[in-house]
Structures are given as structure tokens and as C-alpha cells.
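A short write-up of the structure that comes next.
Each ligand, and each atom within it, is numbered from 1 in the order the structure gives.
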Amino acid sequence: MKKQIIYILSIVVITISVVGGCKHHPIIPKKQDSLPIDTNIVKPPTNPKDSVCFDEEILPILNSNCAMSGCHDPGSAQEGIILNNYSNVQSTISSNKLITYITTTVSSKRMPPPPMSALTQTQIDLIKKWINEGRKQNIDCGKGCDTSNVTFSKTIGPIIQTYCQGCHSNSNPSGGINLQGYANIKTYADFGSLLGTVIHDPKYSPMPKGGNKIDDCKIAQLKIWLKAGAPNN
Ligand code: HEC
């Protein structure tokens with residue numbers, strides 16, 4: 001009888017440990033399996049809050065500084081490099097090449113090439129961080145949307161820098177439009193074209209040109225700032 005109890009007990013213990021042990025197993029392979037290839041089909045895993053979000057932080061920089069017509073959009077594909085979306089970035093440029101091009105001090109090799117400005121150190125550091133984290137896509141970033149402390153210096157300036165300034169800076173004012181510095185940005189804020197272009201109002205050319213519409217959170221922040229009179233705060 002005692003033997004039987006020990007036998008049953010040990011089966012229970014073994015079963016619990018096997019089932020319990022398995023519970024944690026599938027998570028790791030699943031994460032790797034679901035690394036997205038086409039963003040329209042596979043939804044990537046939620047991004048840990050402190051890691052880089054490709055669609056919100058890296059793609060806008062590439063779109064504004066690299067993926068324009070004549071350079072690295074699908075139609076031009078200079079050197080075979082296409083930087084307009086995640087799968088093209090993954091398949092057409094190595095991390096080494098990317099870092100070398102954006103950090104070199106040899107101006108004839110540097111990307112984006114003169115007269116365009118080089119990427120800022122913050123942008124370069126962000127791209128490096130993204131590479132170190134494994135070049136993940138991380139669309140579903142869950143970074144939250146802060147609409148209570150919207151300022152030009154902390155909120156609006158960085159959005160324009162990331163999404164617009166590659167094409168609209170002192171050195172590269174596409175369409176004759178310079179969005180570098182508060183005074184210039186304020187001009188287009190007052191015209192209404194700053195908002196009109198980003199919300200894709202049919203009266204304006206949709207911006208960022210050739211890229212994804214900026215997300216609702218940033219549009220909400222822009223509206224809050226505009227409603228407050230577009231202050232230099
Ligand atoms: C890839 C390059 C590129 C990016 C990125 C870009 N623009 Fe433009 N933008 C252009 C070009 C080129 C024009 C000239 C008109 C056209 O071709 O549509 C233009 C025109 C404009 C105009 C005038 C259009 C009108 O209808 O009055 C505004 C305003 C503007 N951009 C704002 C922005 C803002 C704001 C952003 C960022 C959210 C941005 N752009 C991002 C290339 C770009």
C-alpha cells in the first residue's frame with residue numbers, strides 16, 4: 001500500500017514538473033518564429049518600452065534622409081540599397097555598411113551625401129542601438145501617448161526633425177520649404193500647411209512624402225501645440 005502511494009505521488013510530481021516545465025518553453029522559439037517579414041501579415045511582438053521601435057524611430061529617419069526618389073526608394077535603388085520599409089532594409093543593407101556610410105567623415109562617402117546634412121549624433125546612436133538589439137521591427141511599441149506636456153522643444157521639434165528635416169532643412173529645402181528651426185516651422189504652422197500635409201488633407205501634398213502617415217499620437221500632439229498658438233516653449 002505504502003509503495004503504491006509513493007508510486008502515485010511520484011507520478012503526480014513528475015507530471016507537474018513536466019507540464020510546468022513545458023509551459024515556459026515555447027515562448028523563446030515562438031518569438032523567433034514570429035519575426036516579421038511582411039508587416040501586413042505578421043504582427044510583431046510588443047516592443048519592450050526601452051527598446052528601439054523601428055516604425056516610429058528608425059523608418060522615419062530613413063524615409064526622410066535616404067529613401068527619396070533618386071536615392072534609395074524602390075525605383076532608384078542606388079547600389080541595390082532600398083530603405084523604404086523594414087523588409088527592404090533587412091534584405092538590402094548590412095549593419096556594417098549602414099554604420100560605415102552614416103558615420104564616415106570622408107564626405108565623398110558619407111550618407112546622406114553633401115549638400116544634405118549628415119545624420120545627427122542622436123540619430124546615429126539610435127540606429128546603433130537598434131542594430132545592437134538585433135534589428136527588430138517592433139511596430140507595436142506601446143510607448144504611450146503623452147498629450148499633457150506638449151512643448152516645441154521636447155515634442156514638436158523632435159517630431160519634425162525625425163519625420164521631415166531630412167527633406168526640409170537649411171541644406172535640403174525640398175519644394176523650397178525649410179523646416180529647420182522654430183521660426184521656419186512656425187511659418188508653416190501659421191499657413192496651415194504643416195497640419196494639412198501631415199493629416200493628408202486633400203488640399204495639400206501628403207507628407208512625409210513617400211512615407212507612412214505619422215501616427216495618431218503625434219498628430220494629436222501637433223494639434224495641441226497648434227491650438228495653443230504654436231508657442232516656442
Ligand atoms: C522624402 C522627402 C520628404 C519628406 C520626408 C517630407 N517632405 Fe515635405 N515635401 C517634399 C517635397 C519634394 C515637396 C514638394 C512638393 C511635392 O513634391 O509634393 C514637399 C512639400 C511640402 C510642403 C508644401 C506642400 C503643400 O501642399 O503646401 C509642406 C508644408 C511639407 N512638405 C511639409 C512636410 C512635413 C511637415 C514633413 C514631415 C512630417 C515633410 N514635409 C516630410 C519632400 C519631403
| Are Asn63 and Asn84 close enough, and set up right, to give a side chain to side chain donor-acceptor pair (under 3.5 Å), and what steps lead you there? | CA-CA 6 Å; Asn63 179 55; Asn84 70 324; over 6 Å; no
| field | Ion pair Asp190/Lys186, N-O distance below 4.0 Å | value |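 Between Lys186 and Asp190 there is a salt bridge, with a charged N closer than 4.0 Å to a carboxylate O.
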| request: Please determine, by modelled atom types, if Thr187 and Asn184 share a side-chain donor-acceptor pair under 3.5 angstrom. | output: no
| task | Please check if any side-chain donor atom of Arg135 sits under 3.5 Å from a side-chain acceptor atom of Ser95, or the reverse. | result | yes
List, for ligand 1, each N/O atom that has a protein N/O partner under 3.5 Å away, with both atom names and the distance.
unit_1   : atom_1 : unit_2 : atom_2 : d
ligand 1 : 7 (N)  : His168 : NE2    : 2.7
ligand 1 : 9 (N)  : His168 : NE2    : 2.8
ligand 1 : 17 (O) : Lys209 : NZ     : 2.9
ligand 1 : 18 (O) : Ser205 : OG     : 2.4
ligand 1 : 18 (O) : Lys209 : NZ     : 3.2
ligand 1 : 26 (O) : Ser205 : N      : 3.0
ligand 1 : 31 (N) : His168 : NE2    : 2.9
ligand 1 : 40 (N) : His168 : NE2    : 2.8

| Nearest-0.5 Å distance, CD1 of residue Ile81 to CD1 of residue Ile93 |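 Here the interatomic distance stands at 4.0 Å.
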| Quick one: are Asp215 and Glu56 in side-chain contact, heavy atoms under 4.5 Å? | yes
